[in-house]
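Notes follow the structure.
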Amino acid sequence: MQNPQGFGVSEETLLKMQLTLEFGGGLELLCDSKKIHNVNVEQQNGEDKLTMKDLLSWVRTNLIKERPEMFMKGDTVRPGVLVLVNDCDWELSGQLNTLLEEKDVVVFISTLHGG
Amino acid sequence: MQNPQGFGVSEETLLKMQLTLEFGGGLELLCDSKKIHNVNVEQQNGEDKLTMKDLLSWVRTNLIKERPEMFMKGDTVRPGVLVLVNDCDWELSGQLNTLLEEKDVVVFISTLHGG
Amino acid sequence: SSYPANGLTPDMIHRYSRHLVLPSFGVQGQANLLKSSILVVGAGGLGAPALLYFAASGVGRLGIVDHDVVELNNMHRQIIHREAYVGKPKVKSAAAACRSINSTIQVVEHEEALRTSNALEILSKYDIIVDATDNAPTRYMISDCCVVLGKPLVSGAALGLEGQLTVYNYNSGPCYRCLFPTPPPRTACQSCADGGVLGVVPGIIGCLQALEAIKIAASVGEPLSGRMLLLDALSGRIRIVKIRGRSTQCEACGENATFTQQHFCEFDYEKFTQTPLCVPPLKLNLL
Amino acid sequence: SSYPANGLTPDMIHRYSRHLVLPSFGVQGQANLLKSSILVVGAGGLGAPALLYFAASGVGRLGIVDHDVVELNNMHRQIIHREAYVGKPKVKSAAAACRSINSTIQVVEHEEALRTSNALEILSKYDIIVDATDNAPTRYMISDCCVVLGKPLVSGAALGLEGQLTVYNYNSGPCYRCLFPTPPPRTACQSCADGGVLGVVPGIIGCLQALEAIKIAASVGEPLSGRMLLLDALSGRIRIVKIRGRSTQCEACGENATFTQQHFCEFDYEKFTQTPLCVPPLKLNLL
Ligand SMILES: [Zn+2]
Ligand SMILES: [Zn+2]
C-alpha cells in the first residue's frame with residue numbers, strides 16, 4: 001500500500017517503517033514461536049529507502065533467536081523459503097532489491113513436504 | 001484503501017469513483033452471471049461523497065438485469081444478502097451510510113443453505 | 001487404575017501419536033477431544049467428511065442426526081456412504097463407517113428428522129453442534145436451539161461451486177439470527193437437489209467444519225467466530241471476512257431477547273421461512 | 001450403440017445428476033471427467049480424501065501409487081483406511097474403498113514405491129498427477145517426471161497445523177524447481193511422523209487438491225497455477241498468493257533446459273536432497 005506521508009524523510013530523521021512480518025511453515029520456531037510480528041524497522045545506513053536486503057539483515061539481528069542458518073544462507077533466505085511481499089512472490093518485485101513501503105506485509109514461509 | 005487524490009472534486013466535476021463489485025451465492029445470475037465487475041460509479045446528485053445507499057441505487061439501475069426483487073427490498077438489500085466493504089460486514093461501517101472510497105471492493109453475497 | 005493421569009491408554013498414544021507430538025495440540029488437546037461430544041446434524045455432503053474426521057481424530061462421543069436414506073444421486077459427494085447402503089438409512093451407513101475407522105469412540109445414531117419437539121433433548125446431550133443440513137428452516141431452528149442451550153454451532157453450507165462457513169453462538173459471538181434476522185424469500189433458497197453442487201465443494205467445507213469443531217473441542221487456536229469463510233471453487237478464491245458481532249436487537253440472543261426453551265418448542269420454522277423442514281427428493285428429468 | 005452422444009448412461013445421469021444441473025459444469029464437465037485419468041501418488045493423509053472425491057465424482061480411471069501398509073497411527077488422518085486393513089497394503093485398502101463408493105469407475109493399483117526406474121512408465125498412463133507424498137526427494141522426482149512427460153501436477157503438503165497447495169507445470173506455469181531450484185537443508189524437512197500433523201489439515205488440503213484436479217480434468221474454472229494457497233489452521237487463516245511464473249533458468253523446464261527422460265532416469269534424487277526417498281516408520285516414545 002502506498003502512503004506518501006511515510007516517505008517524508010529529511011536529512012535529520014532516520015527512516016522508520018511500520019511493517020507486518022509473518023513467519024510460517026516452521027520458521028516461527030526461530031523467533032519465539034510467534035507467527036505475526038508488528039515491527040518498526042529503522043533504516044541504519046542513512047538511506048532514505050528500505051529494501052528487502054535491509055529487512056533481512058534487520059530480521060536476522062532483531063527477530064531470529066536461534067539457528068539463523070535455518071533462515072538465511074549468505075545474504076538471502078535459505079533454499080526452501082518463499083518470501084511474499086503483500087501476498088506476492090518477491091521474485092516478481094525484484095527479490096533482495098524490492099523496495100518496501102509503509103504498512104507492507106512480508107511473509108517468510110518454509111515449504112512443507114509432509115502429507 | 002485511502003487515496004486522497006480520489007477526492008479532488010471541485011464544483012465543476014462530477015464525483016467519479018473506481019470500484020470493484022463482486023456478486024456471489026447466486027446473485028451473479030442477476031447480472032449476466034458475471035461475478036466481478038470493475039466499474040466507474042458517477043455520483044448523480046451533486047454530492048461530493050458516495051454512500052452505499054447511492055451505490056445500491058446505481059447497481060440496481062446499471063448492473064441488475066433481471067428480478068431486481070432478488071437483490072433489493074425497499075432501499076436496501078433483500079434479507080439473506082450479506083454486504084461486505086473491503087472484506088468487512090457493512091453493519092460494522094454504517095450499512096447504507098457507509099462512505100465509499102476510491103478502489104474499494106464491495107461484495108454482495110447471498111447466504112447459502114445447501115449441504 | 002491402569003490409566004495414566006491424562007486418560008490416554010497405550011493404544012490411544014499409538015493411534016493419536018501424530019497429534020500428541022504437536023506442540024500446539026499435544027496431550028492436553030487430545031485429552032480434551034477424547035472427553036468431548038459433537039453432534040452432526042445431517043449425514044450428507046457436509047456431514048460426510050466432517051464425521052469421518054471427527055471419528056478418526058478421536059472425538060469421544062459422536063452423534064449423527066438424519067432421517068434420509070442413501071440414494072445413488074448422493075454418492076457423487078457423500079463419500080461416507082458405500083453403494084451397499086443405497087436405500088438404507090444414512091445414519092446407519094454413516095455410523096458404520098465411523099466405527100470402521102475408529103472402534104474406540106462412541107457413535108450415537110439419531111435416526112429421525114430434527115424438529116422443535118426433539119431438538120432440545122438431542123442437542124442438550126452434546127458440547128458442540130455442527131450444522132450440516134440443507135435448508136433454511138432447519139438452519140434457523142438449530143441456531144435458536146443452540147442459543148437457548150448455550151452451545152457453539154459450527155455452520156457450513158455449499159451450493160453449486162460455492163461454500164460458506166462460520167461459527168455461531170461462540171463466546172458472545174453472533175448467532176444465525178444476528179446475521180439474518182429476516183428469512184430470505186423462498187425463491188432465494190435453492191437446495192443442492194434443484195441447484196446442483198460440485199461434490200468436492202461440500203467436501204472442503206465439511207473438512208473446514210471439522211477443523212473448527214475440533215479446535216473448539218480441544219481448546220486450541222482461534223475459531224472462526226465473527227468471521228466468515230467464503231469459497232469460490234471455480235475461480236479458486238477463498239476470502240475470510242469480518243462479520244458483525246452479537247446484535248443487541250437479536251430476537252434470539254440479543255439483550256432483551258425473551259427466547260426461551262418453551263418459545264423455541266412453539267416456534268413455527270416452516271411458517272417463518274415459508275419453507276418445509278423436509279424437502280421431498282426431486283425427480284430430475286433434465287437430460 | 002445404446003449410449004447417447006455425450007456417453008452418459010441413464011445410471012450415470014442419475015448418479016451424477018447434481019453435477020449435470022450445474023450450468024458451469026454440466027454434461028460436458030462430467031463427460032470430460034469420465035474420460036479423464038488421474039494418478040494419486042501416496043494413499044496417506046492427502047491422498048485419502050482426494051481419492052474418495054475422485055472416485056465419487058466419476059474420474060474415469062483412477063491410479064494409486066503407494067508401497068506402505070496401513071498402520072494404527074495413520075488412522076487419525078487417513079480416513080480412507082478402515083481398521084480391518086491395518087497391516088495390509090494401503091493401495092489395496094484405498095482401492096477397495098474407492099470401488100465401494102463407485103463401482104463404475106476403473107481403479108488401478110500400483111503397489112510399489114515410485115522411483116526413477118518406474119515413474120515414467122506409471123505417470124505416462126495418466127492425464128493429471130496428484131502429489132500426495134511426504135518427502136522432498138519424491139516431490140522433486142514427481143515434478144521433474146511431470147515436466148518431461150508434459151503432465152499437470154496438483155501438489156499439496158501438510159505438516160503440523162499448516163498446509164500448502166499449488167498446481168505445477170500447467171499451461172506454461174512454473175514447475176516445482178522453478179520455485180525451489182535448490183533443495184532445502186535436510187534439517188528443514190520434517191515429516192508428519194516426526195513433526196506431527198493435525199489429521200484434518202491434510203484432509204482440507206487433500207480436498208482442495210481434488211478440486212483443482214477435477215477442474216483441470218473437466219476443463220472448468222481457473223486452476224491454482226501461478227498461485228499458492230497457504231492454510232494456517234490454528235488461526236483460521238487462508239491466503240492465496242501470487243507466485244512466480246516459469247523460470248527461464250529452470251533446470252527442468254527453463255528455456256535452455258536439457259532435462260530429458262534419460263536425464264530423469266539417471267538423476268539421483270536422494271543425493272540431490274540428501275534425504276532417502278522412503279523413510280522407515282519411526283517408533284515414537286515421547287510419552
Ligand atoms: Zn443472535
Ligand atoms: Zn521449472
Side-chain angles (χ1 to χ4, degrees), chain C residues 8 13-22 24-25 27 49 52-53 56-58 72-73 75-77 79 81-84 100-103 160-161 192-193 195-201 203-204 207-208 210-212 214 220-224 227 229 233-238 240 284 286-287, chain D residues 8 13-22 24-25 27 49 52-53 56-58 72-73 75-77 79 81-84 100-103 160-161 192-193 195-201 203-204 207-208 210-212 214 220-224 227 229 233-238 240 284 286-287:
Chain C
L8 296 179
I13 290 171
H14 187 203
R15 182 188 283 268
Y16 305 118
S17 58
R18 301 319 184 229
H19 286 171
L20 303 178
V21 298
L22 282 172
S24 48
F25 197 83
V27 175
L52 291 172
Y53 281 100
S57 65
L72 185 61
N73 59 22
M75 304 294 295
H76 80 112
R77 72 183 188 281
I79 50 135
H81 306 303
R82 290 184 275 151
E83 286 179 355
S100 77
I101 63 172
N102 193 344
S103 58
L161 288 117
C192 293
V197 62
L198 186 69
V200 71
V201 174
I204 295 163
C207 283
L208 289 165
L211 169 63
E212 293 305 315
I214 287 169
V220 302
E222 300 159 48
L224 209 69
R227 296 184 290 160
L229 181 145
L234 208 55
S235 65
R237 302 199 314 152
I238 296 177
I240 294 171
L284 285 177
L286 287 151
L287 300 167
Chain D
L8 296 179
I13 290 171
H14 187 203
R15 181 188 284 268
Y16 304 119
S17 57
R18 301 318 184 229
H19 285 170
L20 303 179
V21 297
L22 282 171
S24 48
F25 197 84
V27 176
L52 291 173
Y53 281 100
S57 66
L72 185 61
N73 59 23
M75 304 295 294
H76 81 111
R77 69 183 190 282
I79 49 134
H81 306 303
R82 290 184 275 152
E83 286 180 355
S100 76
I101 62 171
N102 194 347
S103 59
L161 286 116
C192 293
V197 63
L198 185 69
V200 71
V201 174
I204 295 163
C207 283
L208 289 165
L211 170 64
E212 292 306 314
I214 287 169
V220 302
E222 301 158 47
L224 209 69
R227 296 184 290 162
L229 181 146
L234 208 54
S235 65
R237 301 199 316 151
I238 296 176
I240 294 170
L284 284 177
L286 286 153
L287 299 168

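A quick note: this is a predicted structure, and the numbers were derived from the prediction, not measured. Proteins get letters first, then strands, A, B, ... in listed order; numbering begins at 1 in each.
Each of A56(D), G221(D), S24(D) has some count of heavy-atom pairs under 4.5 Å with chain C, and the biggest count is that of A56(D). Comparing S103(C), P49(C), A210(C), P223(C) by heavy-atom pairs within less than 4.5 Å of chain D, the highest count is held by S103(C). If you tally non-hydrogen atom pairs under 4.5 Å between each of V201(D), L198(D), V220(D) and chain C, the highest count goes to L198(D). Contacts with chain D were tallied for R15(C), E212(C), M75(C); R15(C) has the most, counting heavy-atom pairs under 4.5 Å. Between chain D and the options E83(C), R237(C), E222(C), heavy-atom pairs under 4.5 Å are most frequent for E83(C).
Residues C207(D) and V200(C) approach most closely at O-CG2, 3.4 Å, considering heavy atoms. For the residue pair L22(C) and V197(D), the shortest heavy atom distance occurs at CD1-C, 3.7 Å. The minimum heavy-atom distance linking H76(C) with Y16(D) is given by the pair CB-CD2, 4.3 Å. Among all heavy-atom pairs drawn from V21(C) and G196(D), the shortest one is CG2-CA, 3.3 Å.
Here the CD1-CD1 distance, from I79(D) to I79(C), works out to 4.5 Å after rounding to the nearest 0.5 Å. Here the CG atom belonging to L20(D) is positioned 10.5 Å from the CG atom belonging to N73(C), to the nearest 0.5 angstrom. Separation of atoms CG (N102(C)) and CG (L72(D)) is listed at 8.5 Å; rounding is to 0.5 Å.
Heavy atoms closer than 4.5 Å to chain D are found in the backbone of H81(C), but not in its side chain.
The side chain to side chain contact (heavy atoms under 4.5 Å, CB included) search around I240(C) returns L224(C), R227(C), L229(C), I238(D), not counting sequence neighbours.
Between the side chain of H19(D) and the main chain of G199(C), a donor-acceptor pair closer than 3.5 Å is present.
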